[in-house]
Amino acid sequence: MFTKEELMEIVAKRVENCTACPLYLTRTNVVVGEGNLDTRIVFVGEGPGEEEDKTGRPFVGRAGMLLTELLQETGFRREDVYICNVVKCRPPNNRTPTSEERLACKHFLLAQLEIINPDVIVALGATALSFFIEGKNVSITKVRGTPIDWLGGIKVVPTFHPSYLLRNRSKELRKTVLEDFKKAKSFIKEV
Ligand code: URA
């Protein structure tokens, strides 16, 4: 029997050695994810940015600071949840990862979610949302805050990406995301 830590270490090693898409050519570090493997809630972003690529840690730049703030306001400590991304290597100039890049990386996120087996996943932005609703063309603005049943039992709550909040400094938007985080928290099953 492997522990969750051992299983995640195997995933991390495989990510580090991955050359399945061209993003490996330009990465400084892979960004696997971090946090508590026993958490009931996982936050999924799009892909590493500049700071994340430099440090190998998810959400440590400006968007990350905002995410950490929002987590605290929801009543979480950053270290109690798990944070990761759809793709594990930085797309050059922070462009949106292509469908080929997402497909090449897909099995890593699936493995991570299988290991953690959370009650709820918060999909941060359109790229994360599209991971969970494969093939369907829905707008994040329309579906944010509406939970999706994923793989029979896991709730996925889509909301805006923190970078979007940084670009549109509106108090209303921030409040909306905070409400979505709180809704997601309400899906955590009490044991
Ligand atoms: N944006 C993301 O989607 N992920 C990160 O890790 C950082 C910024």
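All ligand and atom numbering here is 1-based and tracks the order in the structure. Being a predicted model, the structure only gives us computed values, none of them experimental.
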May I ask you to list the atoms of ligand 1 that are less than 4.0 angstrom from any heavy atom of [X]?
X	answer
E46	2 (C), 3 (O)
P58	6 (O)
G45	3 (O)

Evaluate S163 for polar contact with ligand 1, using N/O atom pairs at a separation under 3.5 Å. no
Any nitrogen or oxygen of P48, side chain or backbone, less than 3.5 Å from one on ligand 1? no
Under 30°, 30 to 60°, or over 60°: which ring-plane class applies to F131 and W150, parallel, tilted or perpendicular?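 Correct class here is tilted.
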Within a 6.0 Å radius of atom CD on E134, are there more than 12 heavy atoms belonging to other residues, nucleotides or ligands?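 No, the 6.0 Å shell around CD holds no more than 12 heavy atoms from other groups.
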Consider ligand 1: state whether an atom of it lies below 4.0 angstrom from any non-hydrogen atom of G47. yes
Please confirm whether H161 comes under 4.0 Å of ligand 1, counting heavy atoms of the residue only.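 Yes, H161 has a heavy atom closer than 4.0 Å to ligand 1.
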I would like to know whether T68 and R78 meet side chain to side chain donor-acceptor pair (under 3.5 Å); could you show each step before the answer? CA-CA 6 Å; T68 306; R78 187 181 154 111; 3.1 Å; yes
In terms of side-chain geometry, is the basic nitrogen of E101 or R95 positioned less than 4.0 Å from the acidic oxygen of its partner? yes
Are the charged groups of K183 and E179 less than 4.0 angstrom apart, N to O? no
Identity and distance of the protein heavy atom lying nearest atom 4 (N) of ligand 1: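 Answer for atom 4 (N) of ligand 1: N85 OD1, 2.7 Å.
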Between E52 and ligand 1, find which residue part has any heavy-atom pair under 4.0 Å and reply side chain, backbone, both or neither. side chain
Quick one: are the ring centres of F43 and F181 less than 6.0 Å apart?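 Between F43 and F181, the centre distance is under 6.0 Å.
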Does NZ or CZ of K88 lie under 6.0 Å from the centre of the six-membered ring of F108, at an angle within 45° of the ring axis? no
